Amino acid sequence: MEIGSLNDVVFTVSDEEIKTIRDAQWSGKGGWQQHKRHMKMPLPEFVGPELDTFKFNIRISAYLGVRSVMDEIATLLTYEREGTILLLTLGEKKYGRYRWTLTSHTIKMNYFDKEGNLTDADLSITLTEYPSK
């Protein structure tokens, strides 16, 4: 069963494969500037919203049915390195005001097989909001 996606990376749960996100955090903040004034407290001015971020972890594992762990990782790294604009969906909901870019990653390589192929990895992904004009 497909439970969401990040462009071509599909999050699934089935008898054959488990690939889901966990520890998701969606954050944002308002944009404020402080104007210094002579002999007075600074005056804050709201200048607009800052870009949101969406962080999550994902386990990619041959032991959970993923055919090629490195191919899945390569897809995500290509998104980051090429600046691909991404659509994030979980269930029926599209997350964010428009789209996202993958701005950083950390890969924890857990297990390798006897030929040195990566068979299990935990990824930490950070998406940054990409506004629509």
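Quick caveat, the model's predicted, so the values are computed rather than measured. In what follows, every heavy atom counts, from backbone to side chain, and hydrogens, waters and symmetry copies are set aside. The residues of the chain are indexed from 1 along the displayed sequence.
Within a 6.0 Å sphere centred on NZ of Lys40, other residues, nucleotides and ligands contribute 12 heavy atoms or fewer. For Tyr111, the OH atom is loosely surrounded, since the number of other residues' heavy atoms within 6.0 Å does not exceed 12. Within 6.0 Å of CG in Asp15 there are 12 or fewer heavy atoms belonging to other residues, nucleotides or ligands. Counted within 6.0 Å of CZ on Arg22, heavy atoms from surrounding residues, nucleotides or ligands total more than 12; the atom is thus considered enclosed. Shown here is Glu92, whose CD atom has no more than 12 heavy atoms of other residues, nucleotides or ligands within 6.0 Å.
Ile18 and Leu118 are not part of a single hydrophobic cluster, where members link through side-chain heavy atoms under 4.5 Å apart. Val9 and Ile3 fall within the same hydrophobic cluster, defined by Ile, Leu, Val, Met, Phe, Trp and Tyr side-chain heavy atoms under 4.5 Å apart, directly or through other members.
A distance of 6.5 Å separates CD in Glu80 from OG in Ser104, rounded to the nearest 0.5 Å. Distance check: Leu51 CG to Leu127 CG gives 12.5 Å after rounding to the nearest 0.5 Å. With values rounded to the nearest 0.5 angstrom, Met109 atom CE is found 9.0 Å from Leu123 atom CG. Rounding to the nearest 0.5 angstrom, the gap separating the CE atom in Met70 from the CD1 atom in Ile60 is 10.0 Å. Separating the CD1 atom in Ile73 from the CD1 atom in Ile107 is a distance of 4.5 Å, to the nearest 0.5 Å. Distance check: Glu50 CD to Ser27 OG gives 11.5 Å after rounding to the nearest 0.5 Å.
Using a 4.0 Å cut-off between a side-chain N of Lys or Arg and a carboxylate O of Asp or Glu, Lys108 and Asp120 do not qualify as a salt bridge.
Among the candidates Lys29, Arg99, Arg97, the single residue satisfying the salt bridge (Lys or Arg N to Asp or Glu O under 4.0 Å) test with Asp52 is Arg97. Just one of Gln34, Gln33, His35 meets the side-chain hydrogen bond (donor to acceptor under 3.5 Å, both in side chains) condition when paired with Glu45; it is His35. Screening Ile85, Thr84, Thr101 against Tyr79 for a side chain to side chain contact (heavy atoms under 4.5 Å, CB included) leaves a single residue, Thr84.
At least one donor-acceptor pair under 3.5 Å links the side chain of Ser14 to the backbone N or O of Glu16. The closest donor-acceptor contact from the side chain of Thr103 to the backbone of Thr126 lies under 3.5 Å. For Asp23 (side chain) and Phe56 (main-chain N/O), no donor-acceptor pair under 3.5 Å exists by modelled atom type.
Side-chain atoms of Leu102 and Leu86, non-hydrogen and from C-beta on, do get closer than 4.5 Å to each other. Side chains of Leu90 and Ile21 form a contact here, defined as non-hydrogen atoms less than 4.5 Å apart. Contact check for Arg59 versus Leu64: side-chain heavy atoms found under the 4.5 Å cut-off. Taking the side chain as every heavy atom from C-beta outward, Ser61 and Val69 never approach each other to under 4.5 Å. Looking at Glu129 and Thr53, their side chains never come closer than 4.5 Å, going by heavy atoms from C-beta outward. Contact of the Thr78 side chain with the Arg81 side chain is not registered, since no non-hydrogen atoms from C-beta on lie closer than 4.5 Å.
Classification of the Trp26-Phe54 ring pair by plane angle, with boundaries at 30° and 60°, yields tilted.
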(message) I'd like to know whether Asn110 forms a side chain to side chain donor-acceptor pair (under 3.5 Å) with Asp122, so could you lay out the CA-CA distance, the side-chain angles of the two residues, the decisive distance to 0.1 Å, and finally the verdict.
(response) CA-CA 7 Å; Asn110 298 322; Asp122 290 311; 2.9 Å; yes
(message) side chain to side chain donor-acceptor pair (under 3.5 Å) for Glu17 and Thr12? Distances and angles first, verdict last.
(response) CA-CA 7 Å; Glu17 181 182 57; Thr12 60; 3.0 Å; yes
(request) I would like to know whether Asp113 and Thr119 meet side chain to side chain donor-acceptor pair (under 3.5 Å); could you show each step before the answer? (result) CA-CA 6 Å; Asp113 66 14; Thr119 58; over 6 Å; no
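The nearest pair of heavy atoms linking Lys19 to Val10 is CE-O, 2.9 Å. Contact detail for Thr20 and Phe11: the closest heavy-atom pair is CA-CB, 4.4 Å. When every heavy atom of Ile125 is checked against every heavy atom of Leu76, the shortest pair comes out as CD1-CD1, 4.4 Å.
Aromatic rings of Trp32 and Phe46 (six-membered ring for Trp) have centroids within the 6.0 Å cut-off, being under it.
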